Colleague: 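Can you read through this structure? Questions will come right after.
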Amino acid sequence: MRASLALPLRTDRLVLRPYTTTDVEPTLDYYRNPAVSRFLLTEPFGFEDAQQAVERRRQRTHPTQPGDTLALVVENDGRVVGDVVLELLGERASMGEIGWCFHPRYAGRGFATEAASALLDLAFGHYELHRVKAQMDARNTASARLCERLGMTKEAHLRQDWWSKDEWTDTLVYAVLSEEWKVG
Ligand SMILES: CC(C)(COP(=O)(O)OP(=O)(O)OC[C@H]1O[C@@H](n2cnc3c(N)ncnc32)[C@H](O)[C@@H]1OP(=O)(O)O)[C@@H](O)C(=O)NCCC(=O)NCCS
């Protein structure tokens, strides 16, 4: 039985905390941008989309079963700069998938790397996962670079395996194993 998770997580520059009802506007502020949603499964958000997303994500604080997720808002200096998610996978919830989305206003400062690194610490430290993967549209070079910075290994380039936004798209699969990750 895992000990209960102590939130928020803190890094040098960031706070990773659960969603609250006040996160609708800050979430909308970046998810409404077509450049942000280009490689996401969703279209650019309207207000109601942001409301529904925040409502769903507010419940995602204590994953235990395969398919459960941990969704965290990422703040720097009290401002929402992005969000990260960890989904538990596998029969015994001993694997995971990590995801991220950041406001372009705060791009290029290493915030996504720092937040994802804290989430991987949690994945391998607290949740004692064996393996964590990240999957992305093969054209999403910013996301692939982030995986490389995290030290994840590119395991696959799947050709036209996903129908997204009216076209077949390629998928990259990156992963890191527990024995490769040094919890910081
Ligand atoms: C994927 C995404 C999070 C990457 O954002 P990012 O700004 O490139 O990533 P970081 O915040 O880690 O910043 C890294 C950049 O800052 C630089 N940097 C500056 N200070 C840094 C630091 N302290 N640590 C690490 N990198 C730093 C890096 O060199 C890198 O620059 P580069 O892009 O020229 O190589 C962002 O593009 C995004 O949210 N996209 C839209 C949503 C999306 O597609 N999500 C993924 C779906 S699979």
Side-chain angles (χ1 to χ4, degrees), residues 9-17 19 23 25-46 49-50 53-54 56-57 60 67 69-89 95-123 131-176 181-182 184:
L9 306 178
R10 291 176 193 281
T11 68
D12 286 349
R13 300 178 294 172
L14 306 172
V15 176
L16 282 67
R17 60 159 177 81
Y19 276 83
D23 290 318
E25 286 290 349
T27 298
L28 179 61
D29 198 36
Y30 59 110
Y31 275 88
R32 71 179 169 198
N33 184 335
V36 169
S37 64
R38 176 159 182 237
F39 299 124
L40 299 180
L41 304 181
T42 51
E43 298 293 338
F45 277 12
D49 302 313
V54 167
R56 280 194 305 274
R57 292 174 190 187
R60 296 179 176 166
T69 53
L70 173 67
L72 298 174
V73 174
V74 182
E75 279 186 355
N76 164 259
D77 276 345
R79 289 167 311 209
V80 174
V81 297
D83 62 89
V84 288
V85 63
L86 176 70
E87 178 179 0
L88 300 183
L89 298 173
M95 299 187 289
E97 178 166 350
I98 190 172
W100 36 66
C101 187
F102 279 73
H103 198 308
R105 187 183 301 141
Y106 304 106
R109 295 169 62 180
F111 287 160
T113 308
E114 193 169 316
S117 188
L119 200 60
L120 286 172
D121 275 354
L122 194 74
R131 165 189 162 90
V132 177
K133 68 172 174 174
Q135 298 196 134
M136 69 222 58
D137 187 307
R139 297 167 297 181
N140 193 345
T141 50
S143 210
R145 278 207 308 278
L146 173 48
C147 291
E148 306 270 352
R149 271 196 302 281
L150 290 166
M152 300 176 86
T153 298
K154 183 174 163 184
E155 295 185 337
H157 182 140
L158 307 173
R159 297 177 304 149
Q160 298 192 20
D161 73 315
W162 191 257
W163 182 255
S164 175
K165 300 180 179 169
D166 295 329
E167 60 182 330
W168 285 110
T169 59
D170 289 9
T171 301
L172 298 182
V173 182
Y174 279 83
V176 55
W181 186 260
K182 193 165 177 297

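Because only heavy atoms are used, hydrogens play no part in the values below, and waters and symmetry mates are left out as well, while side chains stay in. Note that ligands are numbered from 1 as they come in the structure, with each ligand's atoms numbered from 1 the same way. This one's a predicted model, so the numbers in the text were calculated from it and none came from an experiment.
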Colleague: Less than 4.5 Å apart, any side-chain heavy atom of Val84 and any of Val74?
Modeller: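 They are in contact (side-chain heavy atoms under 4.5 Å apart), so the answer is yes.
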Colleague: For ligand 1, which is the ligand I care about here, please tell me if Gln135 has any N or O atom under 3.5 Å from one of the ligand's N or O atoms.
Modeller: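 No - when backbone and side-chain N and O of Gln135 are compared with those of ligand 1, no distance drops under 3.5 Å.
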Colleague: Tell me: protein heavy atom nearest atom 44 (O) of ligand 1, and distance?
Modeller: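 Heavy-atom neighbour on the protein nearest atom 44 (O) of ligand 1: Asn140 ND2, 2.9 Å.
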Colleague: If you define the side chain from C-beta out and look only at heavy atoms, does anything of Glu167 sit under 4.5 Å from Thr169?
Modeller: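 Glu167 reaches Thr169 side chain to side chain.
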Colleague: Below 4.0 angstrom, N of the basic side chain to O of the carboxylate: do Glu155 and Arg131 qualify?
Modeller: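 Looking at Arg131 together with Glu155, the answer is yes, because their closest N to O distance falls below 4.0 Å.
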Colleague: Checking contacts here: is it the side chain or the backbone of Arg38 that comes within 4.0 Å of ligand 1, counting heavy atoms only? Could be both or neither.
Modeller: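 It is neither; nothing of Arg38 touches ligand 1.
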Colleague: Measuring to protein heavy atoms, does anything land under 4.0 Å from atom 35 (O) of ligand 1?
Modeller: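 Yes, there is a protein heavy atom closer to it than 4.0 Å.
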Colleague: Where the side chain of Asn33 meets the backbone of Tyr30, is there a donor-acceptor pair that is under 3.5 Å apart?
Modeller: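 Side chain of Asn33 to backbone of Tyr30, a donor-acceptor pair under 3.5 Å: no, none is there.
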Colleague: Determine which pairs satisfy ring-ring contact (aromatic ring centres under 6.0 Å, His included) with at least one residue from residues 133-172, sequence neighbours left out, and list them in order.
Modeller: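 The answer is Trp163-Trp168.
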Colleague: If you take the nearest heavy atom of each of Ala112, Cys147, Ala107, which one is closest to atom 3 (C) of ligand 1?
Modeller: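 Checking each option, the heavy atom nearest atom 3 (C) of ligand 1 is found in Ala112.
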Colleague: Side chain of Asn140, backbone of Phe39: donor and acceptor closer than 3.5 Å?
Modeller: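 Pair absent, no side-chain N/O of Asn140 close to backbone of Phe39.
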Colleague: State whether the shortest distance between N or O atoms of Thr113 and N or O atoms of ligand 1 falls below 3.5 angstrom.
Modeller: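 Yes - when backbone and side-chain N and O of Thr113 are compared with those of ligand 1, one distance drops under 3.5 Å.
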Colleague: Which donor-acceptor pairs under 3.5 Å do the side chains of residues 95-104 make with protein atoms, sequence neighbours left out?
Modeller:
from, atom 1, to, atom 2, distance (Å)
Trp100, NE1, Ser143, OG, 2.7
His103, ND1, Arg105, N, 3.0
His103, NE2, Asp29, OD2, 3.1

Colleague: Any protein heavy atom sitting closer than 4.0 Å to atom 40 (N) of ligand 1?
Modeller: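 It does not: no protein heavy atom is found less than 4.0 Å away from atom 40 (N) of ligand 1.
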Colleague: Does Arg149 approach ligand 1 within less than 4.0 angstrom via side chain, backbone, both or neither, non-hydrogen atoms only?
Modeller: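 Just the side chain.
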Colleague: Do side-chain atoms of Glu114 reach the backbone of Arg13 as a donor and acceptor pair under 3.5 angstrom?
Modeller: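 Indeed, once roles are kept as given, a pair shorter than 3.5 Å links the two residues.
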Colleague: Hey, is ligand 1 close enough to Met136 that some N/O pair sits below 3.5 Å?
Modeller: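 So ligand 1 has no N or O lying under 3.5 Å from an N or O of Met136.
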Colleague: What I want to know is whether Gly110 and ligand 1 share at least one N or O pair that is separated by under 3.5 angstrom.
Modeller: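 Yes: some nitrogen or oxygen of Gly110 is under 3.5 Å from one in ligand 1.
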Colleague: So which bit of Leu40 gets within less than 4.0 Å of ligand 1, heavy atoms only: side chain, backbone, both or neither?
Modeller: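 For Leu40, only side-chain atoms sit under 4.0 Å from ligand 1.
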Colleague: Heavy-atom distances under 4.0 Å decide this one: backbone, side chain, both or neither, for Arg13 against ligand 1?
Modeller: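 Side chain only.
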Colleague: Heavy atom to atom 15 (C) of ligand 1, shortest distance: which of Gly108, Ala35, Ala116 holds it?
Modeller: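 Looking at heavy atoms only, the winner is Gly108.
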